[in-house]
Amino acid sequence: MSKLQPYFHSVALDIENCKGCTICIKHCPTEAIRVRDGKARILETRCIDCGECIKICPNHAKIAIADDFDALNKYAYTVALPAPSFFGQFQGPDVTVGKILQALLTLGFTSVYEVAKAAEHVSLAVRRYVEQSPIRPLISSACPAVVRLIQVRFPDLIEHLVPIQAPVDIAARFAKEDIMRKYDLKPEQIGAFFITPCPAKVTALRQPIGLENVWLDGAIPISTVYAKVLRVLPYLEDTPELQEASALGLLWGRASGEEDAVRAPKQVAVDGIRAVIDVLGEIEIGKFHDVDFIECQACRGGCVGGALTVQNPFLARVNLERLAKELPPESSLQLEKSFEERYNAGDYGLELNIEPRSILKLDDDFTKAIEKMELLEKTVAALPGLDCGSCGSPSCQALAEDIVQGLATEADCVFVLRDGVQSLAEDLLELARRVPGSISHEDEM
Amino acid sequence: MAAAGNKQALMSITYDIVAGDFVRGGEAAGKLKRVLQQLGLGANVIRRTAIATYEAEMNVVIHSYGGQLSVDITSETIEIICSDCGPGIPDIDQALQEGYSTASDDVREMGFGAGMGLPNIRRSADEFSITSTVGEGTQLQIRILHKAGE
């Protein structure tokens with residue numbers, strides 16, 4: 001992204017609901033939240049929109065800014081792009097992929113295009129890229145929160161990211177191209193809406209990484225669509241002709257789905273942001289050098305564990321796997337151009353480089369950074385090291401960094417403050433005990 | 001480091017390394033990496049330093065009776081000395097060959113001991129030297145050049 005603009009974030013604070021507790025600051029993987037003046041604040045440059053704070057906040061004060069059904073009214077033709085994880089939200093023996101797609105049509109979409117179908121294309125493209133690239137290990141770029149995590153915390157791993165577009169971006173493009181051809185419409189007349197499990201994808205839509213042309217027009221959370229679909233689902237006839245994706249694509253909705261589809265000789269699937277951070281740290285020091293491909297998903301359980309899903313991720317996984325059993329294992333990709341043509345034309349590839357966005361640097365100037373580093377060490381040593389979070393920063397180390405950057409003071413630490421008050425009180429007492437010569441000690445009694 | 005003596009250390013850090021502690025093994029390299037990131041050094045410099053110090057640290061954990069990782073950061077270089085008390089290396093040339101290792105089977109089962117430690121350090125460093133006295137210990141000197149502020 002070369003455009004200099006303030007960062008847009010899907011993850012935002014509902015200030016009314018925030019009690020100023022410090023639970024979210026402790027769970028943020030990039031230490032992007034501070035509590036100041038009794039309310040949580042998100043530091044824009046650090047936030048990767050992973051949604052961990054949305055999941056952990058007991059007061060539902062962390063929300064995702066996304067689109068609603070109103071957005072459909074702007075377009076002559078609308079197409080719903082349900083994420084593979086969407087299908088795992090529904091259970092029961094009568095549920096089929098066809099019925100869920102039919103339900104989306106009853107909600108007002110003109111047509112549907114399964115992101116799972118695009119995931120099959122992406123699987124082939126990634127498989128091909130892994131065969132051709134000498135870089136090891138290659139890391140999947142499908143999870144936008146992981147891509148952002150790498151930008152801010154592991155910038156030297158950017159070259160390990162597979163520069164292939166995420167399934168939803170491919171889906172939006174293929175769906176629109178198809179509709180344009182069939183109905184002779186212009187791209188701006190068609191609204192392509194992702195039914196999304198995660199806020200990171202909403203952010204990616206407004207602030208794309210590695211893409212110049214975004215075909216997607218909006219993202220509606222699964223949690224917004226869920227109840228509406230649930231209401232109509234029992235009354236629908238099965239419509240198998242709507243369903244085009246195979247099991248290979250559908251299973252991308254849960255952890256290890258991409259790995260299963262890419263089929264690299266030696267591969268690893270990692271899910272959960274903490275596990276991802278551990279693995280990325282180990283890749284940096286040269287471990288995993290003999291692994292060909294690593295699937296990294298910020299959410300535990302994969303996309304079914306996304307912050308905007310409704311169903312328990314373990315149940316959603318089982319639901320997804322049951323649906324997948326009814327589908328052909330792999331489809332012959334129906335395309336007006338062949339996969340080969342598309343791959344060689346670069347249709348699947350990212351259009352721009354992914355840029356580093358390191359957040360750890362204390363100062364752009366090396367000498368100043370050294371000075372700040374020295375101050376930082378002294379400051380850390382003066383703090384209690386309990387990482388209690390009462391100051392509003394996630395740890396003593398983080399508070400020290402905030403102090404060095406002028407964003408907090410030592411008195412924000414309740415322990416430093418208490419020591420200060422105590423020594424002040426002792427001084428006061430000492431002063432109070434000193435009696436002027438004109439007053440006798442007995443008078444004082 | 002003699003050659004670096006004319007370059008004044010702007011910052012010095014020393015980490016202790018405990019022999020046989022695989023749980024903490026890698027922490028020193030990890031902490032150093034964070035410091036270098038905070039100083040805003042280039043990704044390539046950080047990565048090479050991380051690999052070299054991690055491998056050096058793990059060598060101390062695996063082979064020695066304990067040691068230290070000392071780091072001086074100057075305006076142009078990162079000077080690393082990793083020294084240990086231990087059995088020493090009888091044949092340094094052999095130890096520098098890829099795939100040569102004296103690590104025990106237990107250690108190999110944990111994924112270490114592939115004989116890539118010293119070769120990886122040498123590859124990551126801009127300057128590298130090793131001295132070892134059998135029965136006393138080993139000292140590695142690693143220099144990595146960083147263009148300030150990059």
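A note on names: the letters A, B, ... follow the listed sequences, proteins ahead of strands, and every chain is numbered from 1. Computed from heavy atoms alone, side chains included, the values below leave out hydrogens, waters and symmetry copies.
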Undergrad: Using heavy-atom distances under 4.5 Å, tell me whether A/L376 contacts chain B through its side chain, its backbone, both, or neither.
TA: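 Only the side chain of A/L376 comes within 4.5 Å of chain B.
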Undergrad: Atom CD1 of B/I51 and atom NZ of A/K287: how far apart are they, to the nearest 0.5 Å?
TA: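 Going from CD1 on B/I51 over to NZ on A/K287, the span is 12.5 Å.
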Undergrad: Got a second to check how far B/Q38's CD is from A/L360's CG, nearest 0.5 Å?
TA: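 Between B/Q38 CD and A/L360 CG, I get 6.5 Å after rounding to 0.5 Å.
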Undergrad: To the closest 0.5 Å, what do you measure between CG (B/L39) and CG (A/D365)?
TA: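 These two atoms lie 11.5 Å from each other.
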Undergrad: Considering only heavy atoms from C-beta outward, does the side chain of B/M11 approach that of A/M373 to under 4.5 Å?
TA: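 Result yes, sub-4.5 Å side-chain heavy-atom pair found.
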Undergrad: Taking the side chain as every heavy atom from C-beta outward, state whether A/E284 and B/Y54 have any atom pair closer than 4.5 Å.
TA: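 No - every pair of side-chain heavy atoms lies 4.5 Å or more apart.
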Undergrad: Which residues in residues 30-37 of chain B have any heavy atom closer than 4.5 Å to a heavy atom of chain A?
TA: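 Interface residues of residues 30-37 of chain B: B/K33, B/R34, B/V35, B/Q37.
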Undergrad: Quick one: of A/K372, A/H160, A/E282, A/E371, who has the most non-hydrogen atom pairs under 4.5 Å with chain B?
TA: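 Going by pairs under 4.5 Å, I would pick A/H160.
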Undergrad: To the nearest 0.5 Å, tell me how far B/I46 CD1 sits from A/S358 OG.
TA: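 So the CD1 of B/I46 and the OG of A/S358 are separated by 7.0 Å.
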Undergrad: Please classify the contact of A/E401 with chain B as side chain, backbone, both or neither, using a heavy-atom distance under 4.5 Å.
TA: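 Just its side chain gets close to chain B.
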Undergrad: What part of A/E374 gets within 4.5 angstrom of chain B, counting heavy atoms only: side chain, backbone, both, or neither?
TA: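 Only the side chain of A/E374 comes within 4.5 Å of chain B.
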Undergrad: State, with a plain yes or no, whether a side-chain heavy atom of B/R47 is found less than 4.5 Å away from one of A/L157.
TA: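 A side-chain contact under 4.5 Å exists here.
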Undergrad: Using a 4.5 Å heavy-atom cutoff, which residues in residues 84-96 of chain B come close to chain A?
TA: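 Hits under 4.5 Å: none found.
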Undergrad: Under 6.0 Å from the CZ atom of A/R36, do we count more than 12 heavy atoms belonging to anything else shown?
TA: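 It does: A/R36 CZ has more than 12 such atoms within range.
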Undergrad: Crowded around A/R274 CZ? As in, over 12 foreign heavy atoms under 6.0 Å?
TA: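 Yes - once you tally the heavy atoms of other residues, nucleotides and ligands closer than 6.0 Å, there are more than 12.
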